[in-house]
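Everything on this sheet refers to the single structure shown next.
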Protein chains: 2
Amino acid sequence: MRKRKGAGRPTISDVAAKAGVSTITVSRALRDPSKVSDHLRRKINNAVRKLNYVPHSHASALASTRSNIIGVIVPSLTNNVFADTLRAIYDELYQGAFQVQLGNSRYVAADEERLVRTFLSQGPSAMIVAGTDQTDATRELLLNAQCPVVQIMEVGDDPIDMMVGFSHFEGGKAAGMHLLKKGYKRIGFLGARMDPRSHRRLEGFVEAMRLGGRYEPDLVMTTTASSSVSLGSELIGQLRKRDPDLDAIFCNNDDLALGALFGCQKAGISVPDELGIVGFNDLEMMAASHPSLTSIRTDRYAIGKRAVEMIKAELEGNPPEEKVVDLGFELQERESTLRTR
Amino acid sequence: MRKRKGAGRPTISDVAAKAGVSTITVSRALRDPSKVSDHLRRKINNAVRKLNYVPHSHASALASTRSNIIGVIVPSLTNNVFADTLRAIYDELYQGAFQVQLGNSRYVAADEERLVRTFLSQGPSAMIVAGTDQTDATRELLLNAQCPVVQIMEVGDDPIDMMVGFSHFEGGKAAGMHLLKKGYKRIGFLGARMDPRSHRRLEGFVEAMRLGGRYEPDLVMTTTASSSVSLGSELIGQLRKRDPDLDAIFCNNDDLALGALFGCQKAGISVPDELGIVGFNDLEMMAASHPSLTSIRTDRYAIGKRAVEMIKAELEGNPPEEKVVDLGFELQERESTLRTR
DNA sequence: TGTTATGATGTTAGCGCTAACATAATGTTA
DNA sequence: TAACATTATGTTAGCGCTAACATCATAACA
């Protein structure tokens with residue numbers, strides 16, 4: 001006999017037979033219950049429960065050319081910033097029938113392009129990608145994708161489709177302005193990784209320094225090495241060697257800021273009196289350290305949540321009015337910039 | 001006309017037509033090139049390239065009842081411990097044709113069960129789940145799954161299929177023994193979240209204390225709240241209030257340890273002289289802090305890497321000899337337990 | 001030289017689901 | 001009450017791929 005065996009699980013036909021209806025009616029009852037009478041719907045739900053029926057998502061995707069996958073591509077899995085956003089996405093998608101497909105582009109644009117290609121080949125229900133710096137090809141792919149696309153973490157003026165984030169330029173500028181306001185004179189910048197968003201934070205910082213007449217290119221220290229607490233500790237040492245009069249720094253991110261604090265403690269430099277420190281993102285630890293660390297608070301969780309809300313709205317036929325949502329940031333002023341003298 | 005339109009992308013038939021062969025030959029050339037002659041393989045590869053053909057994974061999964069998905073379920077996305085392991089899994093799977101499907105069980109066994117059910121319904125190529133504390137139903141599902149299953153982060157004596165991790169009991173015990181060896185007398189335990197692995201670390205710690213004749217139930221402070229640096233700072237204050245003679249603590253994890261250090265600094269308690277601190281996992285920051293923090297180093301990256309290697313071996317028909325791999329841990333002794341008096 | 005093993009390719013029939021059309025049952029309007 | 005919408009359900013034919021079997025060519029062997 002030439003039968004193929006299948007997966008051995010109940011299929012939609014089994015449910016249909018049990019409920020005494022056709023398969024399409026079961027299909028409708030499951031996807032859009034309003035299209036089926038109460039009477040049949042009840043019978044079908046009973047059959048589903050009794051058989052413990054779980055739809056075969058691949059068959060559904062093949063027949064409808066649309067999968068229940070929401071593709072998410074982030075540049076890092078270990079960066080807490082994305083972890084918070086991811087958590088929000090997962091939390092928000094927890095109830096529904098969507099599956100998250102997570103890709104890690106490792107901060108490489110070509111890898112992102114490859115992932116987008118792979119994900120789109122599965123006919124996702126939506127795509128979420130980090131940042132606004134896609135390659136032309138990636139952009140093109142996403143523009144032609146037959147699904148909502150949200151760029152997260154950052155805002156800009158030419159969204160592929162939708163955007164949720166904040167301005168890293170303004171964030172960097174706010175950090176710089178704060179240090180100026182506190183009366184610091186020789187203000188440095190510590191940057192690791194230096195992805196496009198880091199660059200824009202630096203640009204904002206430079207803008208602030210220029211406005212305050214304090215821009216000093218030599219005080220900008222960046223590396224492509226990936227960020228870490230140890231690195232912050234090391235870099236602050238190097239920068240102080242380069243310029244002993246340095247009296248404040250803005251760090252690319254909170255890991256570096258914490259590392260800079262440790263570096264100062266090791267070298268016997270008092271924070272904030274001898275050196276002011278500002279971080280970026282305001283991770284939880286910033287409030288707990290001693291002294292506590294000033295940072296630019298960004299709401300990563302809200303970004304993920306909002307992105308999913310926009311996608312859901314779009315899929316339900318209520319496209320959001322605002323395609324670009326700027327969730328802003330907030331300066332969290334703490335002891336590390338609270339001079340006592 | 002009654003045609004359905006499909007996804008509009010080239011299909012295997014297009015490739016077959018272009019190469020002048022049948023579809024099954026294309027299918028074979030792509031999945032197991034050794035089954036097709038050099039001559040045809042070359043023609044097929046050319047056609048694939050020219051048409052920019054990407055297989056429709058849903059169709060493949062439907063026809064073969066086996067998808068290219070590797071399901072991974074972790075209890076947290078924000079815990080650095082899992083982030084490192086996840087990164088390894090992604091790195092290791094980067095080349096091949098597998099897709100990672102990541103689930104977040106949020107430390108809830110019932111959620112894990114639900115995810116396992118969903119993932120298995122897609123006929124994954126393999127499953128990776130964190131820990132050894134699945135519900136009976138989850139265990140049953142995974143036992144019956146027609147794919148390799150790896151339990152990660154921990155080892156035990158009754159693997160569902162395979163295991164890669166280390167003994168949390170022994171880790172906790174090693175931390176306790178170290179503090180005893182350093183001459184600390186009133187040694188406490190700080191624990192947050194208290195998932196099963198945390199419990200076993202506590203049990204190991206208690207065992208060490210008993211062996212040293214220093215077990216003091218009152219010095220064990222745990223909470224179900226999720227772990228954070230701030231929490232560590234808070235808990236150490238509470239525990240010292242409860243017992244002012246406390247002279248060392250073992251923290252459930254590094255976040256708490258760092259928080260405890262901050263708490264001590266705020267309260268003017270010198271580490272390590274007045275209070276010794278040991279953390280768990282040895283995240284990168286532990287070496288950078290001032291004073292640097294002693295911790296139990298665990299190789300999370302290696303766990304993920306090894307898990308994928310075992311899966312690949314299994315899928316290629318070379319089942320690994322050792323089904324349970326204990327990657328151990330290593331005490332990293334640093335300043336926080338280096339008494340000077 | 002005929003018989004059999006081996007390898008390369010093809011034919012056919014689904015995998016489980018849903019789009020597209022068809023039909024039956026009911027309500028609405030003049 | 002005829003004519004037409006509207007709603008509820010069904011029939012049919014794929015979506016794109018691969019398992020299972022079939023066929024043909026070539027090599028291997030007695």
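Residue numbers start from 1 in every chain, and the chains themselves are labelled A, B, ... in the order their sequence lines are given, proteins ahead of strands. Everything numeric in this text was worked out from a predicted model, so none of it was measured.
- Distance check: B/Ile152 CD1 to B/Thr85 OG1 gives 5.5 Å after rounding to the nearest 0.5 Å.
- At least one donor-acceptor pair closer than 3.5 Å links the side chain of B/Ser67 to the backbone N or O of B/Gln122.
- Protein atom CZ of A/Arg31 is 12 Å distant from nucleotide atom C1' of C/dA20, rounded to whole Å.
- Distance A/Leu51 CG to C/dG16 C1': 15 Å, rounded to the nearest Å.
- A/Glu112 and A/Thr138 share no donor-acceptor pair across their side chains, judged by distance under 3.5 Å alone.
- Protein atom CZ of A/Arg41 is 15 Å distant from nucleotide atom P of D/dT7, rounded to whole Å.
- Whole-Å rounding puts the B/Gln122 CD to C/dG16 P distance at 15 Å.
- Taking five base pairs at each end of the helix from C/dT1-D/dA30 to C/dA30-D/dT1, the local helix axes there meet at an angle of 30°, rounded to 10°.
- Put simply, CD1 on B/Ile160 and CD on B/Gln151 are 4.0 Å apart, with the number rounded to the nearest 0.5 Å.
- The side chain of A/Thr65 places no N or O atom within less than 4.0 Å of a non-bridging phosphate oxygen (OP1 or OP2) of D/dC15.
- The CG atom of B/Asn104 lies 11.5 Å from the CG atom of A/Leu93; values are rounded to the nearest 0.5 Å.
- A distance of 4.0 Å separates CZ of A/Arg114 from OH of B/Tyr94, quoted to the nearest 0.5 Å.
- Distance A/Ile12 CD1 to C/dC17 C1': 6 Å, rounded to the nearest Å.
- Between A/Ser105 and A/Pro75, the closest side-chain pair of non-hydrogen atoms falls below 4.5 Å.
- Computed from coordinates, the A/His58 NE2 to C/dT18 C1' distance equals 16 Å when rounded to whole Å.
- In summary, B/Asp195 and B/Arg197 engage in a salt bridge, as defined by a charged side-chain N under 4.0 Å from a carboxylate O.
- Across the protein-nucleic acid pair, A/Asp32 atom CG and C/dT18 atom P stand 12 Å apart, rounded to whole Å.
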Between the protein and nucleotides 24-26 of chain D, list the N/O to N/O atom pairs that are separated by less than 3.5 angstrom.
none

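- Side chains of A/Asn45 and A/Arg42: a donor-acceptor N/O pair is absent below 3.5 angstrom, by distance only.
- Residue B/Thr23 places no side-chain N or O under 4.0 Å from the OP1 or OP2 atom of D/dC17.
- For A/Leu62, counting side-chain heavy atoms from C-beta on, the closest listed nucleotide (C/dC17, D/dC17, D/dC15) is D/dC15.
- Rounded to the nearest 0.5 Å, atoms OG (A/Ser60) and CD1 (A/Ile12) are 8.5 Å apart.
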Distances under 3.5 Å only, N/O to N/O: pair up the protein atoms with those of nucleotides 5-9 of chain C.
unit_1 : atom_1 : unit_2  : atom_2 : d
C/dT9  : OP1    : B/Ser37 : OG     : 2.8
C/dT9  : OP2    : B/Ser37 : N      : 2.7
C/dT9  : OP2    : B/Ser37 : OG     : 3.2

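- No cation-pi contact links A/Arg106 to B/Tyr90, judged by a cut-off of 6.0 Å to the six-membered ring centre and 45° from its axis.
- Rounded to whole angstrom, the span from the NE2 atom of A/His56 across to the C1' atom of D/dC17 amounts to 16 Å.
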